[in-house]
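So the structure is just underneath, and the comments pick up after that.
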Amino acid sequence: MKTLAASPAISTAKILPGLSAIVLGLTIVLGLGFLQDSNNYLHNAAHDGRHSAAFPCH
Amino acid sequence: MADFRKLVAVSLLAGLLGGLLLSVLQHYQTLPLILAAEQFETPLAEHVHDWQPMDGWQRNGFTLLFNGLTGFGFALLIAASMYWRNQRGYLYGLGWGLAGFLVFFVAPSLGLPPELPGTDSAELRSRQAWWLFTAAATGMGLFGLILAKQRWLQIGGAGLLALPHLIGAPHPEVAHALAPETLQQHFVVLTSINNAFFWLALGALSGRLLSKVKF
């Protein structure tokens with residue numbers, strides 16, 4: 001019988017999908033929140049969002 | 001990777017909805033303060049030539065896009081955590097949303113409060129580094145303190161929660177802000193409330209949507 005209780009160990013089949021989601025999520029968040037481009041395009045577009053989310057901006 | 005696609009779909013929907021909520025809150029609460037603070041800034045010559053979105057729909061549109069995409073990114077972290085722990089439903093989601101609020105907003109803000117434009121701060125790179133270190137240490141610390149069973153991991157987790165604040169955030173030698181202090185205080189309070197709503201909504205939505213998906 002398959003148990004539904006949350007087990008502390010992650011089944012091996014679940015490692016890759018979850019890890020991919022985490023890597024994609026961190027890439028999006030850190031890229032939008034932290035990248036400084038030389039033309040300031042990204043910085044200026046993301047400006048209000050960064051200030052309001054407490055990312056260091058200037 | 002069928003599971004990965006499901007995680008992306010859930011997170012995209014939750015993130016866009018959460019980002020929309022945050023954008024509406026910001027539009028009426030924090031944007032007026034940002035615009036007011038910018039009145040105190042004198043445009044620097046080097047900045048004049050840079051492209052920036054025009055005030056109005058363009059500027060608001062980019063903020064909506066930013067909030068929707070960061071919402072998507074944060075929702076991916078929540079959805080993957082719940083997927084790994086076999087959790088679903090909005091109650092678990094609320095818990096993860098609260099954790100996200102603590103990791104990505106509260107802990108970094110304790111050292112580096114949300115700032116209005118025109119505030120003098122320490123060098124950007126050092127603040128970004130402290131912010132990242134604090135978020136990582138708080139995330140691992142909460143994990144150890146709440147989810148680990150072993151005593152040494154719980155103690156280590158508590159230590160990690162405190163460590164960034166013992167080191168201290170980088171601050172300028174002389175603090176100086178162009179906007180009045182009351183405006184800045186108002187901004188900190190409103191961003192805290194907005195981001196709390198955002199994170200709780202994002203967690204609840206992610207958890208609710210996850211229960212619609214079969215892994």
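A, B, ... follow the sequence lines: proteins, then strands. Residue 1 opens every chain.
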**OP:** Check the pair B:Asp3, A:Lys14 against salt bridge (charged side-chain N to carboxylate O under 4.0 Å, His left out), reporting the backbone distance first and the verdict last.
**Re:** CA-CA 8 Å; B:Asp3 285 4; A:Lys14 284 187 144 192; over 6 Å; no
Original post:
In terms of heavy-atom pairs under 4.5 Å, which option from B:Leu132, B:Val8, B:Asn67, B:Leu31 contacts chain A the most?
Top reply: B:Leu132
**OP:** Could you have a look at B:Asn194, B:Leu112, B:Leu116 and say which one has the most heavy-atom pairs with chain A under 4.5 angstrom?
**Re:** B:Leu116
Might you point out which heavy atoms bring [X] and [Y] nearest each other, and give the distance in Å?
X	Y	answer
B:Pro114	A:His51	CB-O, 4.1 Å
A:Ile22	B:Ala80	CG1-CB, 3.6 Å
B:Thr30	A:Ser52	OG1-OG, 3.6 Å
B:Thr70	A:Val29	O-CG2, 4.0 Å
A:Ile10	B:Trp84	CG2-CD1, 3.4 Å

Subject >> chain B contact via A:His43 - side chain, backbone, both or neither, heavy atoms under 4.5 Å >> reply: neither
Subject >> Which atoms of A:Leu30 approach chain B - backbone, side chain, both or neither, heavy atom under 4.5 Å >> reply: side chain
Original post:
So how far is it from A:Ser20 OG to B:Leu7 CG, rounded to the nearest 0.5 Å?
Top reply: 9.0 Å
Subject >> Rounded distance [0.5 Å steps], CG in B:Leu64 versus CG in A:Asp48 >> reply: 12.5 Å
Region of [X] that comes under 4.5 Å of a non-hydrogen atom in chain A:
X	value
B:Phe198	neither
B:Gln26	side chain
B:Phe72	side chain
B:Pro117	both
B:Leu69	both
B:Leu124	both

Donor-acceptor check, side chain of [X] to backbone of [Y], threshold 3.5 angstrom: yes or no?
X	Y	answer
B:Trp131	A:Ala54	yes
A:Asn40	B:Trp51	no
B:Arg59	A:Ala45	no
B:Glu115	A:Pro56	no

**OP:** Could you tell me how the ring of B:Phe74 sits relative to the ring of A:Phe55: parallel (under 30°), tilted (30 to 60°) or perpendicular (over 60°)?
**Re:** parallel
**OP:** Answer yes or no: is there a side-chain heavy-atom contact under 4.5 Å between B:Phe66 and A:Arg50?
**Re:** yes
Original post:
Do A:Gln36 and B:Gln128 touch side chain to side chain, with heavy atoms closer than 4.5 Å?
Top reply: yes
Around atom [atom1] of [X], are there more than 12 heavy atoms from other residues, nucleotides or ligands closer than 6.0 Å?
X	atom1	value
A:His58	NE2	yes
B:Tyr90	OH	no
B:Phe133	CZ	yes

